[in-house]
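The structure appears right after this line, and notes come after that.
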2 protein chains.
Amino acid sequence: MSIIAPDEEILTVGPLEVAPAEHLARGGGQTLNLSARELRLLAELARRTDRIVSREQLYELVWGRPLRPGDRSVDVYVRKLRVKLSLALPEWSFIHTHFGFGYRFAAQRRRVVP
Amino acid sequence: MSIIAPDEEILTVGPLEVAPAEHLARGGGQTLNLSARELRLLAELARRTDRIVSREQLYELVWGRPLRPGDRSVDVYVRKLRVKLSLALPEWSFIHTHFGFGYRFAAQRRRVVP
DNA sequence: TACTGTGGTGAACAACGCGTGAACAGCCTG
DNA sequence: CAGGCTGTTCACGCGTTGTTCACCACAGTA
């Protein structure tokens, strides 16, 4: 029995676990070292697994204000997340681009190069 | 069973053993020489292994009163602990910083430089 | 193939959280 | 009393973070 009771929300997407309330994400036998924004973005994506989320929607969810035209913040943070996720789980890919629409979060085994 | 009745809590985190009731911690084949505060901090961290603990929470747990803004005591004692832990167990790291959130205690083999 | 718009990527930058060494006073012990 | 240990506070500077920019890569289309 643990001292603190984590009755908190835990999002499981394939081999990845995201616990926004605990400020952390686990995968590949390790705890990912994510910044505040990165974790927030990951959580919002994980909450919408298998659905396409537009940049505008993502920005409002994570930043809490409307996306200004020309703002590439979402793209930049998607990249940061992709790097850290593939570092912890090299055989998996999670953030899939849907050209012209947005991103879709889903655990997918990466094609192995022979 | 030992002479002194230790039905007490013994926290094991990787190669490290913490026995708060006995006021000591063992690791790397030796008993660590920790001060009262250091041991207390170590115990509270070890009790929450793999979870992020904020500075505010840690301070209240160890010092027993709310953390005043600007007080860096936790940071200083985390440093003292890190030094002594890595002295006894050079190949391991235990206290991991989560920027903007707090610290997370977990036994992790240090990355060896090739 | 060439064109156009969307997305990927690396880097520069300021702000600031955190790591770190040191100074200091209080306490205990010899 | 002297010396060592402890706990606390301070100042300095490094590394991380968040943001923005420029440039490149690629998809879709004519």
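A, B, ... follow the sequence lines: proteins, then strands. Residue 1 opens every chain. Side chains included, hydrogens not; waters and symmetry mates left out as well; all remaining heavy atoms used.
- In this structure, CZ of A:R68 is placed 9 Å from C1' of D:dT20, rounded to the nearest angstrom.
- Between B:S35 and B:R72, the residue anchored closer to the 5' end of DNA chain D is B:S35, taking for each the nucleotide with the nearest heavy atom.
- At the heavy-atom level, A:R55 lies under 4.0 Å from the strands shown only through sugar-phosphate atoms.
- Put simply, OH on B:Y103 is 13 Å from P on C:dG17, counting in whole angstrom units.
- For the pair B:R65 CZ and D:dT8 P, the interatomic distance rounds to 6 Å; values are reported in whole Å.
- Contact between B:A43 and B:V18 at its shortest, heavy atoms only, is CA-CG1, 4.3 Å.
- Atom pair A:Y59:OH and D:dT19:C1' shows a separation of 9 Å (rounding to whole Å applied).
- Nearest-nucleotide assignment on DNA chain D puts the 5′-proximal partner with B:W63, out of B:F99 and B:W63.
- For the pairing with A:Y103, the side-chain hydrogen bond (donor to acceptor under 3.5 Å, both in side chains) check across A:R48, A:H96, A:R55 returns one residue only, A:R55.
- One can place CD1 of A:I95 at 11 Å from P of C:dT9, the figure rounded to the nearest angstrom.
- At a threshold of 4.0 angstrom between heavy atoms, the contacts of B:V78 with the nucleic acid are absent.
- For A:D71 and C:dT6, the CG to P distance is 15 Å, given to the nearest whole Å.
- Rounded to whole angstrom, the span from the CD atom of B:E56 across to the P atom of C:dG17 amounts to 12 Å.
- No donor-acceptor pair closer than 3.5 Å links the side chain of A:K80 to the backbone N or O of A:E38.
- Between B:E60 and B:R65 there is no salt bridge, since no side-chain N of the basic residue sits under 4.0 Å from a carboxylate O of the acidic one.
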